[in-house]
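First the structure, in the form of structure tokens, and then the observations on it.
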Amino acid sequence: MSTERIHRWTKTRLREHLSVVKGERPPTIVLKNATYLNHARRRWLKANIWIADDQIVYVGKSLPEQIGEAEVVDCTGEYIVPGYIEHHAHPFQLYNPYSLAKYASERGTTTLINDNLVYFLNLEKKKALSLIEKLEELPTTMYWWARYDSQTELIKDEMFSNSKMKAWLEHHLVVQGGELTSWPKVLQGDDTTLHWMQETTRLRKPIEGHLPGASEKTLSQMALLGVTCDHEAITGEEVVRRLDLGYTVSLRYSSIRPDLPRLFEELKELGVDYFGRCLMTTDGSPPSFYKDGVMNQCIKIALEAGLDPVDAYGMATYYVARYYNIDHKLGMIAPGRIAHLNFLESMDNPMPKSVLAKGQWVLRNGTPQGKETAPFEWGDYGIGPIHIDWSLGEDELHFSMPMGIEMTNAVILKPYQTTLETAATELATGHDESFFAMVDKQGKWLVTTTLKGFATAVMGMASSYSYTGDIILIGKSIPAMIQAFNELKAQGGGLILVENEEVIGRVRLPLLGMMSAAPMEDIMAEEQSFVSLLRERGYKFEDPMYSLQFFSATHLPYIRVTQRGIYDVRKKGILFPAIMR
């Protein structure tokens, strides 16, 4: 299968659409007197746009001979741009792909290119691929990545079997390989991953790197192995280093890396005036980061930085589609493209007042138009609450290890020597050291240590929200941590905060213990409430949701808590093994 199969119209449907252009049948929507952004000309042009079902069939001076029951919209005074594309979505940050897609499309982001890791690790191949095909029936266009590695140390890493990798990479809704977090292993001789990278390139799909702080030499080596884009540049100089070596660069604006305004400033100082190989991303931020929309936030920052509107919109539309070899279907207002269109009141305000997604109104004059649909049947794909059928006792949580883990920011962990009296069952609240445990979701192993820097007064917290879905317990009080665990078990997954023997905060995550089934606005409110409680108890970094997710993520320095134990990222070895229960 090649990328040509993406959104393939049947021969019958194409003949019907041809007959609209020939004047033999009416279109479904006519946008007349439209001022629209034409990326082929890099200009705002005036035209009439005809839409048949979910496809743009004509853009030009004429109006259709047959109007029939077509909806005719006079677009005088509006500016029309292609629907926005978020090409680096992680659709499991408390929200789920369905809720994210609905929310994003109502704010103009009508295409998501999604990380597949959670579904790859937790679902059998057939169910996962059926799920992504079902999600493609939404008005939002949904494409996917194919990961090469688990981003942690798993006890069993046979997840990445040949048949599974092949099925994902060749799937018509998968448009890229990566993001490649295990690139050091590839450089050191991991030929299995290199094989899948070569397969990705053979399928003419790009490869997303994950190369923070990479030198010119490292970037050169990864380009030789097939990496074509990277989103980890955090300075203008790092962006230019990648551009100089022929990379496409994704500029990031996320909850823990809101770099975009500064990047534009530094790129201007460095004399960068061509943005055709730059994309933008919000990099899978938690729900509350999206209160002002999704890609429209990035476009607004680009416009405020003084970029030409053609580039500002292009970095979230046409440039993205062109990079992914899908500009024959997306990113342009032209015949043959999917009818994703944003209607703006002015060219310097990218928040649309109306949105068409696959030719359906999802927003009309500021009012969401989505039909009331039945709840998404997650259970059909093996996605439901987590079932914890084992118990955990206070006597199992021993914290006698001399070495703990210290947070230097929201996601970076380093070792430290603890001086705590860890035989106690409760710690004082005047310092920022806590007990920390990670327990296997099946109850087979656990890792215990102390954690410095997370909070000063969190008594007991339990979370199933982690990259692997294993249970994280943090707190000053072992009894409170156990109580939080028991509440989490009863709830079937999520986040629980316990104080004075009461549950004072909770987030329900009934989908694999990582995702809410609620609409985006509801999960935003739950997240903000829970984060406020953590901040009141001493959490001081940018984003506690990222902290929880990345405790086990071995693509970050310096030590991590994994299924195999406490892991030294640089030496690639286990410092303290997990204890089998």
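No experiment lies behind these values; they were computed from the predicted model shown. The figures here come from the full heavy-atom set of this structure, side chains too, leaving out hydrogens, waters and symmetry mates. This chain uses plain numbering: 1 for the first residue, then up along the sequence.
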Does the plane of the ring in H88 sit parallel, tilted or perpendicular to the ring in H90? Use 30° and 60° as the thresholds. perpendicular
Do Y274 and D311 have a side chain donor and acceptor closer than 3.5 Å? no
Evaluate D543 against S255 for side chain to side chain donor-acceptor pair (under 3.5 Å), listing each step before the verdict. CA-CA 7 Å; D543 194 328; S255 61; 2.8 Å; yes
Testing the basics here: between I49 and A34, what is the closest heavy-atom pair and its distance to 0.1 Å? CD1-CB, 3.9 Å
Check N114, N116, L135, V118 against P91 for a side chain to side chain contact (heavy atoms under 4.5 Å, CB included) and give me the one that passes. N114
Please tell me whether Q93 and Q549 have a donor and an acceptor in their side chains that are separated by less than 3.5 angstrom. yes
Pairwise side-chain contact, V175 with K205, heavy-atom cut-off 4.5 Å (strictly under): no
Which atoms form the tightest heavy-atom contact between I338 and I56, and what is the distance? O-CD1, 4.1 Å
So, D53 versus H17: side-chain donor-acceptor pair below 3.5 Å or not? yes
Side-chain heavy-atom pair L94, M545 within 4.5 angstrom cut-off: yes
For Y323 and T228, run side-chain contact (heavy atoms from CB on, under 4.5 Å): C-alpha distance rounded to whole Å, both residues' side-chain angles, the deciding distance at 0.1 Å, then the answer. CA-CA 9 Å; Y323 168 72; T228 52; 2.7 Å; yes
Locate the shortest heavy-atom distance separating V227 from L211; write the atom from each residue and the value. CG1-CD1, 4.4 Å
Which atom names give the shortest non-hydrogen contact between P350 and I299, and what distance separates them? CB-CG2, 3.7 Å
Do Y119 and W144 have ring centres separated by under 6.0 Å? yes
Assess whether a salt bridge exists between K134 and E377, defined as any Lys/Arg side-chain N lying under 4.0 Å from an Asp/Glu carboxylate O. no
F92 CZ to I383 CD1 distance, which is reported to the nearest 0.5 Å: 11.5 Å
Basic-acidic side-chain contact under 4.0 Å: R262, E265: no
Does atom CD (E65) have a neighbourhood of more than 12 heavy atoms from anything else shown, all under 6.0 Å? no
After noting the C-alpha distance and the side-chain angles of Y381 and F376, does the key distance pass the side-chain contact (heavy atoms from CB on, under 4.5 Å) rule? CA-CA 10 Å; Y381 305 94; F376 193 84; 4.1 Å; yes
Does a salt bridge link R364 with E71, judged by any charged N lying under 4.0 Å from a carboxylate O? yes
For E133 and H171, test the side chains for any donor-to-acceptor distance below 3.5 angstrom and give the result as yes or no. yes
Name the orientation class of the two ring planes belonging to W361 and F343 (parallel below 30°, tilted from 30 to 60°, perpendicular beyond 60°). tilted
Nearest atoms (heavy-atom pairs only) where W145 meets A89: CZ2-O, 3.8 Å
Report the relative orientation of the aromatic rings in W50 and Y58; use parallel for angles under 30°, tilted for 30 to 60°, perpendicular for over 60°. tilted
With the side chain counted from C-beta on, respond yes when S99 and S516 share a heavy-atom pair under 4.5 Å apart, and no when they do not. no
Within 45° cone of W9 ring axis and under 6.0 Å: R13 NZ or CZ: no
Partner of L341 by side chain to side chain contact (heavy atoms under 4.5 Å, CB included), out of L31, I29, V355: L31
Min side-chain heavy-atom separation I80-N342 under 4.5 Å: no
Are R147 and D115 close enough for a salt bridge, meaning some N to O gap below 4.0 Å? yes
Stepwise side chain to side chain donor-acceptor pair (under 3.5 Å) test for Q528 and S288: CA-CA 7 Å; Q528 286 175 308; S288 58; 4.6 Å; no
Cation over ring face, R107 and Y103, 6.0 Å, 45°: yes
Work out which heavy atom in N96 is nearest to a heavy atom in W378; give both atom names and the distance. OD1-CZ2, 3.2 Å
Is a side-chain donor-acceptor pair under 3.5 Å present for T181 with D149? yes
Could you give me the CA-CA distance, side-chain angles and deciding distance for T282 and Y290, then say whether side chain to side chain donor-acceptor pair (under 3.5 Å) is met? CA-CA 9 Å; T282 60; Y290 295 116; 2.7 Å; yes
Are side-chain heavy atoms of H340 and T141 found at a separation under 4.5 Å? yes
Sole residue of W183, F550, Y148 in ring-ring contact (aromatic ring centres under 6.0 Å, His included) with H555: F550
Are E179 and H231 close enough that a side-chain donor and a side-chain acceptor fall under 3.5 Å? yes
Does the distance from a Lys or Arg side-chain N to an Asp or Glu carboxylate O, for R15 and E24, drop under 4.0 Å? no
salt_bridge(D380, K127) N-O dist < 4.0 Å: no
Close side-chain approach of W196 and Q198, heavy atoms under 4.5 Å: no
Just one of R257, R252, E86 clears the side-chain hydrogen bond (donor to acceptor under 3.5 Å, both in side chains) bar with T281, so which one? E86
Just checking Y36 against W44, ring centres under 6.0 Å apart? no
Between Y79 and E345, is any pair of side-chain heavy atoms under 4.5 Å apart? no
